[in-house]
Number of protein chains: 2
Amino acid sequence: MPPKRTETESVPPLPTAGELDILAVLWRLGPATVREVHEAVNKEIGYTTTLKQMQVMLDKKLVIRSERFRSHVYEAGIPKGQTQSRIVGDLLVRAFEGSAARLVMGALSAKPASKGELNEIRRMIDEFEKGMGR
Amino acid sequence: MPPKRTETESVPPLPTAGELDILAVLWRLGPATVREVHEAVNKEIGYTTTLKQMQVMLDKKLVIRSERFRSHVYEAGIPKGQTQSRIVGDLLVRAFEGSAARLVMGALSAKPASKGELNEIRRMIDEFEKGMGR
DNA sequence: AGTATATTACGATAATAGTCGTATGTCAAC
DNA sequence: GTTGACATACGACTATTATCGTAATATACT
């Protein structure tokens, strides 16, 4: 069994699939209420299910929230890029032997990219190379 | 809840985290016994745990197996590239709005790649572009 | 104040994943 | 043919995730 998870972790655990869907909505909308998130995720689940999930995420520090006269407003507890990077990093070692090239291969064969997007990836790599060693 | 999973699916479900670890070992070793897999995964769990997991995976069609005089020999039930692609594809839509470029960004910031690997990715993209529309 | 409506808190339940113990089976070597 | 070393089958238990119902709370509108 994975080590028992306490609520006092410095770094939050990776989000589960359902939690990631909620995070993705928060990334897209910015700070939002449970109601707004619930409508945006667009799954066939009840409102209180979304609510409960977000409460659990609060406990895990995956989101933070603030009062707003009537309801709560939630936002991601960790910067989007950092979470994305942790998730991909995990997948990278688990399924791709740490090879980013193979991961890109997998991504492209899963969802063929347009020429424009291929160029975007190229630019990204160039950028990254320029910033290396710093 | 996700739709109840029957054992008669045409396409297997995505592997769970633990299952992926086992698949990764099978990809690395090729056909292997439970014992071999168990030693390779190198986790602090009992032998029968690995065994049970692989039996569940067999039921899900994530692996296939054949008799071999004394024990069973397992291998991946689906080509490695296809499974990798399905996993990344899922992540792509869930966490990266379908943008491969952002995914690459996430991968590079998770585990900085060497110049050699960056070139490898470039070659991969070139290859992919050449083969487009076919 | 009193009712209606929306929100939150929280416990109960169910489904899935992970874990292991024990029984049973198989083979080889004595 | 008995014994020892492994293997498999399978049920049970635990932890986690997902789901929802209900009660309590807050706000708004008469």
Side-chain angles (χ1 to χ4, degrees), chain A residues 1-7 9 12-25 31-75 87 90 94, chain B residues 1-7 9 12-25 31-75 87 90 94:
Chain A
M1 75 207 103
K4 186 73 150 301
R5 192 42 81 181
T6 76
E7 66 296 321
E9 288 283 351
L14 289 178
T16 67
E19 289 168 350
L20 181 53
D21 291 337
I22 289 174
L23 279 182
V25 167
T33 64
V34 174
R35 176 70 54 192
E36 289 161 347
V37 170
H38 177 66
E39 267 148 25
V41 291
N42 204 37
K43 290 198 237 187
E44 303 252 309
I45 59 178
Y47 170 82
T48 56
T49 299
T50 304
L51 170 64
K52 179 71 164 186
Q53 270 177 322
M54 293 177 73
Q55 286 170 343
V56 170
M57 290 172 77
L58 178 67
D59 193 68
K60 291 184 182 175
K61 310 279 176 61
L62 286 171
V63 297
I64 57 179
R65 77 180 180 191
S66 50
E67 300 282 341
R68 193 201 58 179
F69 95 109
R70 190 187 173 81
S71 56
H72 289 148
V73 176
Y74 289 78
E75 52 192 309
I87 296 173
D90 179 73
R94 279 201 133 96
Chain B
M1 75 207 101
K4 186 75 149 296
R5 191 42 79 181
T6 76
E7 66 297 321
E9 287 284 348
L14 289 178
T16 66
E19 289 168 350
L20 182 53
D21 291 337
I22 289 174
L23 279 182
V25 168
T33 64
V34 174
R35 175 69 52 191
E36 288 160 348
V37 170
H38 177 65
E39 268 148 25
V41 290
N42 204 35
K43 291 198 239 188
E44 302 252 308
I45 58 179
Y47 171 82
T48 57
T49 298
T50 304
L51 170 65
K52 178 70 162 188
Q53 270 178 321
M54 292 177 74
Q55 286 170 344
V56 169
M57 289 172 78
L58 179 67
D59 194 68
K60 291 184 182 175
K61 309 279 175 63
L62 286 172
V63 296
I64 57 179
R65 76 179 180 192
S66 50
E67 300 281 342
R68 192 201 59 178
F69 97 108
R70 192 186 170 80
S71 57
H72 289 147
V73 175
Y74 289 77
E75 51 193 309
I87 295 173
D90 179 71
R94 279 197 129 97

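- With a 4.5 Å cut-off on side-chain heavy atoms, Tyr74(A) and Ile64(A) do not count as touching.
- Regarding contacts with the backbone of dT16(C), every side-chain N or O of Thr16(B) stays at 4.0 angstrom or more from both OP1 and OP2.
- With rounding to whole Å, Gln53(A) atom CD is found 16 Å from dT16(D) atom P.
- Residue pairs meeting the salt bridge (charged side-chain N to carboxylate O under 4.0 Å, His left out) criterion with at least one member in residues 14-24 of chain B, sequence neighbours excluded: Arg94(A)-Asp21(B), Glu19(B)-Lys60(B), Asp21(B)-Lys43(B).
- Remark: Arg65(A) CZ to Leu58(A) CG distance equals 5.0 Å, nearest 0.5 Å.
- As rounded to whole Å, 13 Å separates atom P of dG11(D) from atom CG of Asp59(B).
- Summarising the geometry, the separation between NZ on Lys43(A) and P on dT19(D) is reported as 6 Å, rounded to the nearest angstrom.
- Arg68(A) has its CZ atom 14 Å from the C1' atom of dA26(D), to the nearest Å.
- Distance Ile45(B) CD1 to dT14(D) P: 19 Å, rounded to the nearest Å.
- Take His38(B) and apply the ring pair (Phe, Tyr, Trp, His ring centres under 6.0 Å) test, not counting sequence neighbours, and it matches Tyr47(B).
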Problem set entry | Summary of protein contacts for nucleotides 1-8 of chain C, nucleotide by nucleotide, where a base hit scores B, a sugar-phosphate-only hit scores S (4.0 Å, heavy atoms) | ----BBSB
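- A distance-only check finds no donor-acceptor pair linking the side chain of Glu39(A) to the backbone of Glu36(A) [under 3.5 Å].
- For the pair Lys60(A) NZ and dT16(D) P, the interatomic distance rounds to 9 Å; values are reported in whole Å.
- Taking the side chain as every heavy atom from C-beta outward, Ile22(B) and Pro15(B) never approach each other to under 4.5 Å.
- Distances shorter than 4.0 Å separate none of the side-chain N or O atoms of Lys52(B) from OP1 or OP2 on dT16(C).
- Rounded to a whole Å, the CE atom of Met54(A) is 17 Å from the P atom of dT17(D).
- Per the geometry, NE2 belonging to His38(B) stands 16 Å off P belonging to dG18(C), to the nearest Å.
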